[in-house]
Amino acid sequence: MKRYNHTTIEKKWQKEWSKKKVYRTEDSSTKKKQYVLDMFPYPSGAGLHVGHPKGYIGSDVYARMKRMQGFNVLHPMGYDAFGLPAEQYALQHNIHPRKAVLENVKTFERQLSIIGLSYDWDRKVNTTDPEYYQWTQWIFLKIYGSWYDTTKDKAQPIESLVKKFEKEGNKNINAVCEENTPHFTAAEWKSKSQKEKQDVLMKYRLAYEGYAEVNWCPELGTVLANDEVVDGPDGKPVSERGGYPVEKKQMRQWFMRITAYADRLISGLDTIDWPENIKEIQRNWIGKSEGAEIKFQISNLKFKNSLGEVAVFTTRADTLFGATYVVLAPEHPLVEKLSDHIENISEVLEYKILVQKKDAESRTDATKEKTGVELKGVSVQNPVNGEKIPVYIADYVLASYGTGAVMAVPAHDERDFEFAQKYKLPVKHVVIPSIIDTMFPPVEGQEYVDRHTIHALVKNPKTGLYLCLKWKQFPWTTLVVGGVDEGEDPVDAARREVQEETGYKNLKFVRTLGGVVKAQYNAAHKKQNRVAFTTGVVFELENEEREHITEEELAKFEVTWLPLSQVKPCAELPEWIDRIDVPEKAYLPYGTVHDSGEFTGMTSEDAKKAITQKVGGKIVTKYKMRNAIFARQRYWGEPIPLSTDKDGLIQEVEEKKLPLTLPNVASYQPTGTGESPLASVSSWTKKGYETNTMPGWAGSSWYFLRYMDPKNKKGIASKKALSYWGQVDMYVGGAEHATGHLLYSRFWNKFLKDIGLAKFDEPFKRLRNQGMIQGTDGRKMSKRWGNVVNPDDVVKTYGADTLRVYEMFMGPFEAGLPWSTENIIGSRRFIERVWRLGEKVTSKKLTPEENVYQNTLHKTIQKVTDDIVSFSYNTAVSAMMIALNEMEKSEKVYKSDMELFLKILHPFAPHVTEELWKELGNKTSLVKESWPKADPKKMRDAEITIAVQINGKVRGEVKIQPENTETEVLEKVYIMPEIQKWLTGQEVRKVIFVKNRLINIVI
RNA sequence: GGGCGAGUGGCGUAAUUGGUAAACGCGCCAGUCUUAGGAACUGGUGGGGAAACCCGUGGGAGUUCAAGUCUCCCCUCGCCCACCA
């Protein structure tokens, strides 16, 4: 046998495969299809490190098996080359981005080509190719030309909206649009000017122009999406790319109304097989919350005249009785509207400016202290009880979420509580925990009696112990407890009780422990169920001076001091123990509504609905997710195919004139002023073209559809191709795209489904994330740490097959693991041993005695097949190593058994298996061979070994026939000396027999 | 602070989903063959113990004939979100 020379073998087969186009995808086929896709890369200038191909190898293994299983497999690759990374690279190296991209693509392809990936390169796409971005522009125009109909729950052409306006105005149209869009009648619509109509439609379009506070990155000279901004080392926001500072700025922008799809983006997650954490990240990002919008009347304090109303958004309408003030975002329009009535208007405006300045740095810091200013001279009325409460503006309320105003309930909201503490605002508890005593639960049929009680927690500061009563008639010890008389203050009641029962009279009041606690128990001696509403009152003992105690009290209990943890029989106690040593805080859980008029006693859930209804509140759904900014002030992106004429009217570039190609410019440096470099190209501005370009995610939001029919000149892809390929069956890529690409492409796909192009609502049926390969030092692989391992070197030393096997064998596919220069040797040895196994091949059929590996081989076929489907590649490789170990033990290996083994190894190590396949005399290529099926007869074991346990401990092993019964096994077990040893003189109490697994004798 | 996830030999990891913990690989030890071995092959390799046996999946409790796996509490680490009312 020849020596295994990976270089010659791999080069030879790569050339052969490419020449014969063995990976060519059939355009139309009667075969079942399988679409296996990698997230296409930014062709960065740095070249690949060994971590990059991990995902590509994973999907390649999958695609290769599917191909062998007879599927028509679409497994393409392409380049996402617009956007910041490519442009930054070009700027740094002072070459034109177009040229840089071409160069980088070349490097990339050379590096990929040596790994033996089975792409159909004829379907390559590149987002910067005018023939590609023509369709990105085309889709943009479709989105621009659409509105969202919430009745049909899909996008509709804008013309249909115009027709509705002409017929009935906009009042009764169920559409997603800008908040506070004024109503108009059909007649009013018709009387509007072109420009006015344009402005109205802009509030409805799914791609629209607007002004917004955006993340402005001066260094990069562009606006960034929220997910492109990360926290820097000092906690300040910086750009994900480059780590440059990011500030807030008001700017004219193009947006995508992704919020119209928020609900579908959430519900669709239940229909796809994605990693649960990615789904969860998307759900959180979209941040759906259902609540109520409740209006508070505003009035002038001095003149008592009404000043209109303010709407707040809350998810806790059950706490409305606990609202003790209202907070507006500093930017709330009411601040200006009410300015004539605000007595301290200059202070308010000063604060507003301060906040906006601070804004630029970090307003999103949840840990910093809250600030705010009261709007003096005005107040609002709580709609549920008519109470007048003050109004504040504060930086902890965001203008961009909900209504930009909140009702503050310090007792039940952490942020409100913190603010209330600082500004000495009242805290009103209206939701209380409800406890049912486990020792003396209420008895059915007995009368319920309400009682108001106190628990006095009297601490002796010298000892840290608490004052307790040891009951003489009952076997328990309690704190001082007692009833609160009608109209009595709980603190006074507690003082009184302590004095009456223990004589201590000099108590320093510390605090009450939050709100009351409701506890239900049975008072056996009175045959009563009691509902106690208890206040915990904390005192410190000032001195030991005591009053006289009555005989009656003395007979009842004895005074004692105990640590709190030793006081037991009392339902409310767990609540007090939780509260006693921590500072007072808001009570967040749901519970029983308290001190809330007619709603008192309801559960939070019921009270929410009832209170909202009572005050005429509107049930609404809000989302954290904002509409996506769809513009970059940069050169290297798709031009937005719109122009503005001299009347200020926006014109679409005609479909047949697409692509609107990016002009060549002398300088593509960002201007730094917020204007795109295109703004200084006179040929461009002369025609009134939009100077912003599309963001990086535009081209990547639909590329998976283009691969289906990449050269189509009439559309994004033919109807036939779109319908044959449908959706991506298996999508592989990094988890870092969870809130970017994976959300935007779902959005675009849903839109394209709405307009009848995409076939499915969800573009990616299955998704798997490859874990990142770290440097040998465990850090992220990067030039900075000098820990980059280049795949070229690995391929040169060990070969592509070894690299592939090792990357799949390292550990679970999704796990991030450090590269190991030592462990890879194991994979190389495996390949070499496979190579040497070739020497044992015989074309003479083996007798059952000779064929010792038969059983293992067929089990392995089954396991590898299952493992590839579930992406458990590490155990698939392990199974093949076990099979190889068995086959090596055999004197000879039957040729067709060797072929079976080569077939299942082929997706992992395509080159060496192809070479050995040919060595066996085959004229065909393994690539197109059929995937083997495990023979169930051959998988069956002749004999199996099971564990014999005594009382659950393994004391021996026994060989049995499969399917042996308990009796049959016991017969064998009882004569085993090592088992008899344990059984002599013992009575067998029980035998547990698990078929084909173990037998456990309990003595 | 909130959400999600993970802790198993010297190392990467595996465990049929409650059934012989450590498969497979790396490393290490011994041997074979070699002029040599940082090659290859064969065997061994969780800890303690002379042995019988005992201990062992971050720590503690519990359920069970049986727990890495289930339940509760605690500790540590990773990722995501972070004033979203």
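Note on naming: letters A, B, ... go to the chains in the order of the sequence lines (proteins, then strands), and numbering restarts at 1 for each one.
When the P atom is used for both B:G60 and B:G9, the distance is 15 Å, rounded to whole Å. Comparing the same atom, C1', in B:U57 and in B:A14 gives a spacing of 12 Å after rounding to whole Å.
Partners of A:Lys622 according to the side-chain hydrogen bond (donor to acceptor under 3.5 Å, both in side chains) rule, which considers only residues two or more places apart in sequence or in another chain, are A:Glu293. Applying the side-chain hydrogen bond (donor to acceptor under 3.5 Å, both in side chains) test to A:Glu309 and every residue at least two apart in sequence or in another chain returns A:Gln297. The side-chain contact (heavy atoms from CB on, under 4.5 Å) check on A:Val912 picks up A:Tyr4, A:Asp801, A:Ile831, A:Trp835, A:Ala909, A:Leu916, with sequence neighbours excluded. Listed by chain and residue number, A:Met976 satisfy the side-chain contact (heavy atoms from CB on, under 4.5 Å) test with A:Glu978 (two or more places apart in sequence, or in another chain).
Note on A:Arg283 versus A:Glu280: salt bridge recorded, some NZ/NE/NH1/NH2 to OD/OE distance being below 4.0 Å. Ion pair A:Lys608/A:Glu290 not flagged as a salt bridge, since none of the NZ, NE, NH1 or NH2 atoms sits closer than 4.0 Å to an Asp/Glu carboxylate oxygen. A salt bridge does not link A:Lys422 to A:Glu418: none of the charged side-chain nitrogens sits closer than 4.0 Å to a carboxylate oxygen.
Ring centers of A:Tyr423 and A:Tyr325: at least 6.0 Å apart, outside the cut-off. Proximity of the aromatic rings of A:Tyr401 and A:Tyr623 is defined here by a centroid distance below 6.0 angstrom, and this criterion is not met.
The distance between atom CG of A:Leu588 and atom P of B:C83, rounded to the nearest whole Å, is 16 Å. The interatomic distance linking A:Ile944 (CD1) with B:U20 (C1') rounds to 13 Å, in whole Å. Taking atom CG of residue A:Asn277 and atom C1' of nucleotide B:G78, one finds them 12 Å apart after rounding to whole Å. Taking atom CZ of A:Phe313 as the reference point, atom P of B:C83 lies 16 Å away to the nearest angstrom. At whole-Å resolution of the value, CZ in A:Phe830 and C1' in B:G25 are 11 Å apart. The CZ-C1' distance, from A:Arg828 to B:C24, rounds to 20 Å in whole Å. The nearest whole Å value for the distance from the CG atom in A:Leu884 to the C1' atom in B:G25 is 13 Å. Going from atom CD of A:Glu293 over to atom C1' of B:A85 covers 12 Å, rounded to whole Å.
By the rule that a glycosidic angle within 90° of 0 means syn, B:U34 does not qualify and counts as anti. Taking 90° from 0 as the syn/anti boundary, the base of B:G12 is oriented anti.
Relative to the six-membered ring of A:Trp274, A:Arg746 meets both conditions, a distance below 6.0 Å and an angle of at most 45° to the axis. For A:Lys370 and A:Tyr396, the positive end sits near the middle of the six-membered ring, less than 6.0 Å away and at most 45° from its axis.
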Provide a list of protein-nucleic acid N or O atom pairs under 3.5 angstrom, restricted to nucleotides 52-57 of chain B.
residue	atom	partner	partner atom	Å
B:C53	OP1	A:Lys981	NZ	2.2
B:C54	OP1	A:Arg955	NH2	3.2
B:C54	OP2	A:Arg955	NH1	3.0
B:C55	OP2	A:Lys953	NZ	3.1

List, with names and distances, any nitrogen or oxygen atoms from the protein found under 3.5 Å away from nitrogen or oxygen atoms belonging to nucleotides 34-43 of chain B.
residue	atom	partner	partner atom	Å
B:A40	OP1	A:Arg829	NE	3.2

Interface polar pairs with nucleotides 1-3 of chain B, N/O, under 3.5 angstrom:
none

Enumerate all atom pairs, one protein N or O and one N or O from nucleotides 6-10 of chain B, separated by less than 3.5 Å.
none

Distances under 3.5 Å between nitrogen or oxygen atoms of protein and nucleotides 12-16 of chain B:
residue	atom	partner	partner atom	Å
B:G12	O2'	A:Met810	O	2.7
B:A14	OP1	A:Asn874	ND2	2.8
B:U16	O2	A:Arg997	NH1	3.1
B:U16	N3	A:Arg997	NH1	2.3
B:U16	N3	A:Arg997	NH2	2.8
B:U16	O4	A:Arg997	NE	2.9
B:U16	O4	A:Arg997	NH1	3.3
B:U16	O4	A:Arg997	NH2	2.3

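Counting only distance, with no hydrogens or angles, the side chain of A:Lys859 and the backbone of A:Ala934 share no donor-acceptor pair below 3.5 Å. Using modelled atom types, no side-chain atom of A:His412 and backbone atom of A:Ala586 make a donor-acceptor pair closer than 3.5 Å. Checked by atom type and distance alone, the side chain of A:Asn874 never pairs as donor or acceptor with a backbone atom of A:Met810 at under 3.5 Å.
Pairs of residues two or more places apart, or lying in two chains, that qualify as side-chain hydrogen bond (donor to acceptor under 3.5 Å, both in side chains) and include a residue from residues 878-888 of chain A are A:Arg833-A:Asn885, A:Arg833-A:Glu888, A:Glu886-A:Lys889.
Around NZ of A:Lys288, the count of heavy atoms belonging to other residues, nucleotides or ligands within 6.0 Å exceeds 12.
Put simply, A:Tyr401 has a side-chain N or O that comes within less than 4.0 Å of OP1 or OP2 on B:A85. In this model, the phosphate group of B:U64 is not approached by any side-chain N or O of A:Asn1000 to a distance below 4.0 Å at OP1 or OP2.
At the heavy-atom level, A:Ser827 lies nowhere under 4.0 Å from the strands shown. Counting non-hydrogen atoms under 4.0 angstrom, A:Ile281 reaches the backbone sugars and phosphates but no base. If you check every strand for non-hydrogen atoms under 4.0 Å, A:Glu957 touches a base. At a threshold of 4.0 angstrom between heavy atoms, the contacts of A:Ile992 include nucleobase atoms, whether or not backbone atoms are also involved. Within 4.0 Å of A:Val1002, counting heavy atoms only, lie sugar-phosphate atoms of the nucleic acid but no base atom.
Between A:Tyr873 and A:Phe871, the angle of the ring planes lies from 30° to 60°, which puts this pair in the tilted group.
The distance from the NZ atom of A:Lys959 to the CD1 atom of A:Ile946 is 13.0 Å, given to the nearest 0.5 Å.
With B:C24, B:A85, B:C26 as the candidates, the nucleotide lying closest to the side chain of A:Glu822 is B:C26. Among the nucleotides B:A85, B:G19, B:C24, the one closest to the side chain of A:Leu398 is B:A85. Out of B:A23, B:C83, B:U20, the shortest distance to the side chain of A:Val954 is found at B:U20.
Side chains of A:Ser827 and A:Tyr798: a donor-acceptor N/O pair is absent below 3.5 angstrom, by distance only. Residues A:Ser400 and A:Arg626 bring a donor and an acceptor atom of their side chains to less than 3.5 Å of each other.
With hydrogens and angles left out, the side chain of A:Lys990 and the base of B:C65 share no donor-acceptor pair within 3.5 Å.
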Fill in: Strand RNA chain B as a dot-bracket string - pairs counted if Watson-Crick or G-U with both distances under 3.5 Å, | where the partner lies in another strand
(((((((..(((......[....)))((((((.......))))))(((....)))..(((((..]....))))))))))))....

Which atom pairs, donor and acceptor, lie under 3.5 Å between side-chain atoms of residues 990-1003 of chain A and protein residues at least two apart or in another chain?
residue	atom	partner	partner atom	Å
A:Lys995	NZ	A:Glu963	OE1	3.0
A:Asn996	OD1	A:Glu963	N	3.2
A:Asn1000	OD1	A:Asn951	N	3.4
A:Asn1000	OD1	A:Gly952	N	2.9

